[in-house]
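Numbers here are sequence positions counted from 1.
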Amino acid sequence: MQIKIKTHNTTPYDDQKPGTSGLRKKVKVFQQTHYLENFVQSIFNSLDDFQGKILVLGGDGRYFNRQAIQTIIKMAAANGFGELIIGQGGLLSTPAASNIIRKYHAFGGIVLSASHNPGGPDEDFGIKYNVSNGGPAPEKFTDALYQNTKTINSYPIAEIDDIDLDNVGEMQIGGVNIRVIDPVADYAELMAKIFDFDLIKQSIAAGLITLKFDAMHAITGPYATHILEDVLGATPGSVFNAIPLEDFGGGHPDPNMAHAHELTEIMLGNNPPTFGAASDGDGDRNMVMGAHIFVTPSDSLAIMAANARTIPAYAKGISGVARSMPTSQAVDRVADKLGLPCYETPTGWKFFGNLLDAGKITLCGEESFGSGSNHVREKDGLWAVLFWLNLIARKRQSVEDIVHEHWQTYGRDIYCRHDYEAVDSDIANGIVEHLRNQLSSLPGNSWGDYTVKYADEFSYTDPVDNSVSNNQGIRIGFTNGSRIVFRLSGTGTVGATLRIYVERYERDTSKLKQDAQIALTELVDIAELLCEVKKRTGRTEPTVIT
């Protein structure tokens with residue numbers, strides 16, 4: 001059967017510049033005439049030699065996911081892809097999509113997600129392209145993509161009926177093979193190869209591990225239910241908010257203590273389970289908690305690096321580690337002690353991809369609740385959860401004991417992040433410019449115990465391909481090992497988000513258990529003195545503190 005193809009004329013939109021994780025806008029923006037189609041065709045126009053190749057397609061199930069997938073199927077067919085692999089129901093977690101691209105040697109994949117942003121008719125939608133290694137497209141590609149969005153004038157689309165996404169199976173339409181697959185099976189198989197499932201299962205059966213996992217009505221629900229309950233034997237109901245909903249049940253699928261409040265109350269309340277965790281909209285982030293303790297993502301990465309040999313897949317050791325620049329220096333201290341290379345990269349998982357592909361690192365992570373390894377090329381929320389469960393089962397210690405033992409060995413980087421969301425873009429850019437103008441004069445200045453050692457704007461030269469990324473955030477480092485970092489985030493859809501990261505290194509073993517907010521008060525005051533965000537916005541406090 002020959003596919004009938006229709007070509008639509010179109011005109012460019014001027015707001016389709018991809019951020020660190022693709023293009024994110026309000027649903028209503030994507031619903032504009034030709035808006036989605038323009039961006040998808042611009043992706044295809046930026047690719048070479050994909051005719052007859054495999055494209056993976058799936059998303060986090062948020063509102064507009066199903067409609068967008070049907071459109072992309074028809075456009076991919078019209079553009080000459082030979083095979084489409086699609087998650088059942090149009091669903092694929094971001095790490096699962098990365099795994100499928102790698103496992104089936106796909107040319108690339110389109111992932112539909114706005115990650116941890118809210119979903120629904122009036123909320124956010126997103127789309128990004130992942131390359132053949134399973135990771136997000138590099139800046140060279142997204143720059144070319146943006147140029148194509150500014151010149152696009154037409155796109156082809158196959159005139160075919162919508163595909164049945166709800167039943168696993170294979171079909172031929174013209175010369176295109178379309179496979180609808182179980183979105184969980186390949187991922188669960190991969191996790192079983194990395195971790196000691198028998199040990200975790202025994203620990204759960206013996207009552208040594210009890211757990212609660214908040215899937216936040218997002219994509220990880222089916223994955224966590226199958227692996228944690230069906231395979232590892234956790235009590236039914238251990239995974240809650242487990243059914244993915246188009247609006248995430250009206251919640252904000254960001255796994256932190258502010259938004260995963262139900263889990264937080266359980267873990268900090270009376271008779272909590274051994275272990276608690278949450279994941280986000282598309283399944284690539286994680287929050288880890290123990291009974292009466294929250295583990296910062298920076299500490300989590302450091303603890304995983306320090307204990308990697310307890311996990312079967314990393315038993316022979318790891319080649320190196322990497323962290324995003326705003327992430328605390330906790331993992332640096334582990335790398336230094338173990339004699340491992342440690343890389344500081346800009347925010348954005350694509351920067352880890354080159355290091356992973358080159359074998360320079362095995363583990364990587366960022367403070368925004370993301371961590372991962374060389375098993376895929378995205379951060380992976382459920383992988384981190386399974387790592388912790390394997391670690392608890394092997395060490396037979398509580399989360400709190402594991403964390404405190406780590407601090408005793410390496411010291412503690414007391415850390416928090418203050419987010420000022422939806423700041424007027426002009427004000428936000430003015431704050432950054434104000435900070436830039438101070439950089440040369442800051443070294444040597446003192447406030448109490450804090451003397452500025454260096455002040456710069458972070459620039460990164462990739463050690464693999466020598467590409468350079470400038471203007472990646474402002475760093476203020478102090479002689480006592482503490483830091484303040486300022487950065488505008490590219491993941492929101494309204495205004496700008498100013499993130500302020502404060503970090504204080506504590507080696508005194510009698511002071512390791514301080515409350516972070518109290519311990520960091522002086523640094524937070526210095527940050528305001530330098531950036532004037534409250535003064536310039538009229539706000540009295542951050543939108544979110546994590």
Side-chain angles (χ1 to χ4, degrees), residues 19-20 139 298 301 320-333 335-336 341-352 354-355 360-361 364-368 413-420 423 427-491 496-505 520 522-533 536:
T20 53
E139 284 188 314
S298 296
L301 175 63
V321 295
R323 63 167 173 86
S324 65
M325 183 272 285
T327 302
S328 95
Q329 299 161 106
V331 75
D332 304 41
R333 306 184 199 287
D336 184 57
C342 182
Y343 298 87
E344 182 180 37
T345 74
T347 296
W349 211 258
K350 58 193 172 190
F351 294 104
F352 294 138
N354 274 1
L355 298 170
K360 290 181 177 294
I361 63 169
C364 47
E366 54 190 23
E367 52 68 41
S368 55
D413 283 86
I414 305 172
Y415 183 90
C416 78
R417 184 180 98 192
H418 288 198
D419 286 3
Y420 290 83
V423 175
I427 292 175
N429 289 325
I431 289 170
V432 172
E433 196 57 38
H434 175 63
L435 286 163
R436 276 193 189 117
N437 292 336
Q438 300 175 68
L439 292 177
S440 61
S441 61
L442 280 176
N445 284 4
S446 294
W447 295 272
D449 295 331
Y450 298 93
T451 301
V452 178
K453 182 179 181 181
Y454 66 88
D456 63 15
E457 190 157 15
F458 182 56
S459 176
Y460 177 69
T461 301
D462 191 298
V464 179
D465 64 16
N466 294 314
S467 61
V468 177
S469 300
N470 294 314
N471 305 323
Q472 295 296 319
I474 288 172
R475 305 184 297 182
I476 315 290
F478 299 91
T479 55
N480 61 5
S482 301
R483 289 194 315 166
I484 303 173
V485 172
F486 303 89
R487 181 178 159 270
L488 292 183
S489 169
T491 58
T497 296
L498 176 68
R499 303 200 198 282
I500 303 173
Y501 312 82
V502 288
E503 170 185 358
R504 178 182 141 198
Y505 183 56
L520 296 169
E522 198 174 349
L523 272 176
V524 170
D525 290 343
I526 295 170
E528 171 60 23
L529 192 70
L530 293 171
C531 78
E532 300 180 343
V533 62
R536 289 169 180 249

Just wondering, do [Y] and [X] contact through their side chains at under 4.5 Å, heavy atoms?
| X | Y | answer |
| --- | --- | --- |
| Pro326 | Thr347 | yes |
| Glu522 | Arg504 | no |
| Leu498 | Asp419 | no |
| Phe351 | Glu139 | yes |
| Asn471 | Val432 | no |
| Glu344 | Cys342 | no |
| Ser298 | Val331 | no |

[atom1] of [X] to [atom2] of [Y]: how many Å apart, nearest 0.5 Å?
| X | Y | atom1 | atom2 | answer |
| --- | --- | --- | --- | --- |
| Phe458 | Asn470 | CZ | CG | 10.5 Å |
| Ile526 | Ile484 | CD1 | CD1 | 5.5 Å |
| Leu523 | Ile500 | CG | CD1 | 11.5 Å |
| Phe478 | Asn480 | CZ | CG | 8.0 Å |
| Ser328 | Leu301 | OG | CG | 8.5 Å |
| Cys531 | His418 | SG | NE2 | 11.0 Å |

Side-chain donor-acceptor distances from residues 444-454 under 3.5 Å, at least two apart:
unit_1, atom_1, unit_2, atom_2, d
Ser446, OG, Thr451, OG1, 2.7

Sorted by chain and number, sequence neighbours left out, ring-ring contact (aromatic ring centres under 6.0 Å, His included) with Tyr505 holds for none
Verify side chain to side chain contact (heavy atoms under 4.5 Å, CB included) between Leu355 and Cys364, making sure each step is shown before the conclusion. CA-CA 10 Å; Leu355 298 170; Cys364 47; over 6 Å; no
For the pair [X] (side chain) and [Y] (backbone), establish whether a donor and an acceptor sit closer than 3.5 Å, ignoring hydrogens and angles.
| X | Y | answer |
| --- | --- | --- |
| Glu528 | Val524 | no |
| Glu367 | Tyr415 | no |
| Glu433 | Ile431 | no |

- request: Just do the side chain to side chain contact (heavy atoms under 4.5 Å, CB included) check on Asn429 and Leu488 with the steps written out, would you?
  value: CA-CA 8 Å; Asn429 289 325; Leu488 292 183; 3.5 Å; yes
Smallest heavy-atom separation, Glu366 atom then Ser324 atom, equals CB-OG, 3.2 Å
The salt bridge (charged side-chain N to carboxylate O under 4.0 Å, His left out) partner of Asp413 among Arg323, Arg483, Arg333 is Arg333
Let's go through Tyr501 and Thr327 carefully: what are the C-alpha distance in whole Å and the side-chain angles of both, what is the deciding distance for side chain to side chain contact (heavy atoms under 4.5 Å, CB included) to 0.1 Å, and is it a yes or a no? CA-CA 8 Å; Tyr501 312 82; Thr327 302; over 6 Å; no
Using 30° and 60° as the class limits, which term best fits the ring planes of Phe352 and Trp349: parallel, tilted or perpendicular?
perpendicular
